[in-house]
Structures are given as structure tokens and as C-alpha cells.
Amino acid sequence: MNRFEDNNWCEKMRIHLDFNNVMVDFIGDKEGIKQSQFENLSEKIKHCANQLAVKRDNGKMDWRNLPYNQPIDEILDYVKQMKDDIESFVLLGIGGSALGPIALQQAINHPYYNELPREKRNYPKFYVADNVDPERLVYLFDVIDIDKTLFNVVSKSGNTSETMSQFMIIKDMLEKRLGKEHAKKHIVCTTDSENGNLIKIAKLEGYKTFYIPSGVGGRFSQLTPVGLLAAAFCAINIKELLAGAAFMDKICTSDPENNIAVKFAVINYLAMQSGKNISVMMPYADSLKFISDWYAQLWAESLGKAVDNENRTVNVGQTPVKALGVTDQHSQVQLYNEGPYDKIITFIRVENYRKTISVPKIFSDMPSLSFLGGITHNQLIQVEQEATEFALSKLNRMNMTIVLPQVNEFVLGQLFYMLEVATAFAGELLNINAFNQPGVEEAKNATYAMFGKPGYEDKKNELDNAPKKNPNYYL
Ligand code: PA5
């Protein structure tokens with residue numbers, strides 16, 4: 001029996017939200033939330049929960065069903081067939097097609113995964129090429145042998161310039177080195193089953209392909225083959241990951257108006273109403289550092305919108321800030337404690353770390369150091385988190401804590417799913433479309449126009465006529 005089939009174990013692994021420190025009882029009348037504010041929102045919360053349930057029933061939120069319908073066996077069979085023939089797995093993708101895979105791999109795997117000897121890893125090394133910084137891509141070729149690498153081209157739209165240009169470089173290199181027929185075996189695509197250039201090319205070339213369900217947008221795609229294939233290629237248990245997501249789905253569905261995801265959304269909504277336009281995500285675990293990156297995209301791209309559902313100008317959203325405990329206690333926390341009252345800080349606390357290390361009892365003649373002797377780093381990191389919470393709360397700074405019993409696939413599945421539901425719920429509370437990203441189109445189109453992409457002639461014209469930069473403003 002898998003551990004995720006044992007209800008007792010699942011309950012022990014349940015994630016929680018401690019929101020004491022956003023309430024008036026702990027941070028005072030001026031900054032805190034009153035219980036009556038939750039009560040006043042009760043009708044709106046019910047309405048939003050109903051709206052989302054209807055959208056799900058009408059097939060408009062396919063990402064909610066991902067824990068149940070993904071091609072797990074096909075992914076695992078493919079990984080089994082390929083893994084021993086390759087030394088490296090390189091994901092080419094950006095935004096929602098890269099941040100989830102990075103966050104999960106960093107969370108679950110050994111922090112020095114690629115440096116471990118193959119016998120210990122048993123699976124290929126893992127790399128992600130998301131940016132088009134030329135240095136990064138060229139340097140990648142210094143550490144991988146492309147003859148022994150599988151490139152996973154991930155793009156929902158199948159048209160993203162960054163990913164497609166990387167793919168073009170790799171395809172050309174592989175074919176020149178190995179010939180067209182052999183090159184094919186080194187490319188696997190993850191994309192929409194019908195739309196975009198990537199699926200056209202994949203069909204034409206006969207590449208192995210996994211599909212992103214059509215109703216699932218980039219930043220909600222971590223539980224599709226976007227995240228699952230990369231995870232399975234680094235020995236991550238994807239069945240357990242999806243079981244964790246399904247567990248969280250049940251929590252959110254059986255208590256649609258008062259679950260951890262809705263509470264997270266409602267607290268942030270109230271925070272935004274009181275001018276807290278910055279959302280700091282601060283895990284106290286190096287393994288979760290990249291969860292903040294994934295969350296930043298999810299929260300920013302989903303909620304940062306100019307107009308509401310009735311097309312009225314609203315310019316809403318919260319700026320996500322990525323922080324890491326305890327590292328950022330020595331950098332950003334000064335600002336959180338004493339700067340403007342414009343933030344809500346979410347800690348992620350880990351109850352049980354996978355390793356323990358103790359400080360030796362030395363320097364007994366130096367009391368200002370010897371107090372550290374005998375304590376573990378596990379205690380130190382947790383106590384520092386509690387101390388930071390205490391200091392922030394004393395200064396009436398809104399903060400709350402997502403509590404993870406430990407870092408494993410089941411818990412990560414819950415965390416991804418919970419934050420996705422929270423984001424959708426916050427979008428509903430704000431009455432905006434959380435699933436589009438019109439604000440990134442302008443720069444994309446301008447790039448296309450500058451490179452002369454057909455269909456962008458008007459944009460090119462607009463760019464040519466834009467105000468020229470003033471040399472006086474350049475030093
Ligand atoms: O969330 C989103 O939709 C975006 O961030 C996309 O994931 C990103 O732009 C990459 O798009 P694609 O997967 O189509 O290449």
C-alpha cells in the first residue's frame with residue numbers, strides 16, 4: 001500500500017494556515033482584521049464559491065480536475081524507457097512552463113542533486129533553460145553532452161519566442177551532430193494537442209509528445225505533463241503529488257466557504273483593501289525557495305489586472321515579493337518591521353525537516369556563544385521564524401503562516417493546489433479574470449514587430465513613430 005492511501009498518514013500530512021497574526025487580537029485595531037469583517041463578507045464569499053463551482057461544472061476550470069485525469073502511466077513508462085540512456089534532462093520553457101517544474105524539483109530532490117554520482121541519483125541530471133540570456137544557454141553546453149541529453153520543449157501556446165528559439169537552436173545542433181532520425185529521440189514536446197507551431201512541428205517530425213489540456217493555462221499547469229514529466233525524470237513520486245492535490249481538492253470542495261485556500265484569499269483581499277499591496281512569500285526552508293518564484297508568477301499574473309469583469313478600470317493586484325527565511329532576516333526584514341504598512345507577510349513553516357544537525361557543545365567559557373551548543377539547526381530555524389513572527393506582530397505587521405508537516409510530494413501537491421484555488425478565489429473576490437494576461441501582450445507584440453514577424457506591420461509603424469529617446473537623459 002502506498003502511504004498516501006492511508007487516511008491517517010494523509011491527515012498527519014495535512015497543511016494548515018495559522019492566521020492569528022492578521023487578527024485585531026494580535027496586531028491591534030488599526031492594522032488587524034476583525035472577525036466581523038469576515039462575517040460581513042460571508043454573502044460575497046458564498047457567491048464567489050458558487051460562481052467557481054459553476055465554472056468548474058461547466059468545464060471552465062479544467063485545472064481543478066488535474067489530480068484525477070493525468071496520463072501517469074504513459075509518463076512513467078516513457079521515463080522508464082528513456083532514463084538509463086540519458087545523462088541529462090533539459091527543460092526548455094518559460095513562465096508557467098518552467099517555474100512549477102523548478103519549484104518541485106528543488107523542493108523534493110537533494111539540494112546538490114546534479115552533483116551526486118549517478119548511482120545515488122539513479123536518474124538523469126536536471127536543468128531548466130528558461131531565459132534567453134545567451135551566456136546561460138551557451139554555458140549549458142559546457143556541462144551537458146547533447147548526445148546523452150533529452151530536451152523537453154514545453155509550451156502551451158507552442159509559439160513562445162523564447163522557448164521556440166531555444167528549440168530551434170537545439171534541433172539544429174542535434175540534427176547536425178546526430179542526423180535527423182537520431183535527433184528525434186532527444187526531443188520530447190509538451191504542448192496543446194491542436195494549437196500552435198510546436199504541435200505542428202511535433203507531428204511533422206514525429207516527436208514524442210505529451211499534452212496540456214486545452215482549458216489549462218500556463219501558470220495553472222504544474223499538475224499536467226508540464227510538471228509531471230520533469231518530476232518523473234528526477235525520481236519524484238508523481239502519484240503521491242497528485243494524491244496530495246486531490247486531498248486538497250476534497251478539503252476545498254467539502255467546505256467551499258471556509259477552507260484554507262478561501263481563507264488565504266479572503267485575508268489577502270482584506271489586506272489589499274487596507275492598502276497592503278505587497279504580498280511577501282517567505283518559506284523557512286531552502287528547499288522551498290523556488291515555491292516563492294512560482295507563487296510570484298501565479299499571484300502577479302493572475303491578479304494584476306487593469307479592468308474588472310464589467311470592463312471598469314480597477315488596476316488591482318498585489319506585488320509578490322520573494323523572500324527566504326532565515327536568510328532575508330539579514331536583509332529585508334528590517335523593512336518589513338519598520339517600513340510602510342503596505343505588506344502582508346506569509347511564512348511557510350516546516351514542522352519536520354528531513355535532516356538534523358546539532359551544534360557541538362564547545363566554547364563553554366564563552367556564555368555569549370556557548371548557549372548555541374547542543375541546539376539543532378532545526379530548532380534554530382524554527383525559533384528564528386517564531387521570533388520574526390513575534391517581532392512583526394508586536395509592530396502590528398500583518399503576517400500569517402502556512403504550516404507544512406514536512407516537505408514531500410503529498411504536501412507539495414496540497415500546497416500547489418491550495419495556492420491555485422486561493423488565486424482563483426481572490427480573482428473572484430476582486431471580480432477580475434484571473435486566467436488571462438493581457439498586460440504582457442504589448443511587449444510581446446513589440447518584440448515581434450521589431451523582428452519583422454508577419455502580421456505586426458502596424459505595430460512596427462507605431463514603434464517607428466514612438467518618441468525617440470532624449471540623449472540628455474542618458475549619462
Ligand atoms: O501563465 C502563463 O500563461 C504564462 O506565464 C505562460 O506560462 C508563459 O508565457 C509561457 O507560455 P507558453 O507555455 O505558451 O510557452
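Atoms within a ligand are numbered from 1 in the order they appear, just like the ligands themselves.
Between the side chains of Glu310 and Asn431, at least one donor N or O lies within less than 3.5 Å of an accepting N or O.
Ion pairing between a basic and an acidic side chain is recognised when a charged N comes within 4.0 Å of a carboxylate O; Glu74 and Lys208 show such pairing. Comment: Arg349 engages Glu351 in a salt bridge, judged by a side-chain N to carboxylate O separation of less than 4.0 angstrom.
No side-chain heavy atom of Thr224 sits less than 4.5 Å from a side-chain heavy atom of Leu228.
Considering backbone and side-chain N/O of Ser97, one or more are found under 3.5 Å from N/O of ligand 1. Geometrically, ligand 1 and Val154 share no nitrogen or oxygen pair separated by less than 3.5 Å. Between Thr163 and ligand 1, no N or O atom pair is found at a separation short of 3.5 Å.
For atom 13 (O) of ligand 1, the nearest protein heavy atom lies closer than 4.0 Å.
Ring planes of Phe126 and Phe89: parallel class, angle under 30° (limits at 30 and 60°).
Taking a cut-off of under 4.0 Å to the non-hydrogen atoms of Glu301, the atoms of ligand 1 that pass are 1 (O), 2 (C), 4 (C), 5 (O). Residue Gly96 approaches ligand 1 through these ligand atoms, each under 4.0 Å from one of its heavy atoms: 5 (O), 6 (C), 7 (O). Below 4.0 Å from some heavy atom of Thr160 lie the following atoms of ligand 1, by number and element: 11 (O), 12 (P), 14 (O), 15 (O). Listed by number with element, the atoms of ligand 1 under 4.0 Å from a non-hydrogen atom of Ser157 are 12 (P), 14 (O), 15 (O).
For the pair Glu301 (side chain) and Ala296 (backbone), a donor-acceptor distance under 3.5 Å is absent.
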* Stepwise side-chain contact (heavy atoms from CB on, under 4.5 Å) test for Lys459 and Met450 -> CA-CA 9 Å; Lys459 188 57 66 188; Met450 285 190 246; over 6 Å; no
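Of the candidates Lys444, Gln437, Arg219, Gln297, it is Gln297 that places a heavy atom closest to atom 5 (O) of ligand 1.
Among all protein heavy atoms, the one lying closest to atom 8 (C) of ligand 1 is Ile94 O, 3.6 Å.
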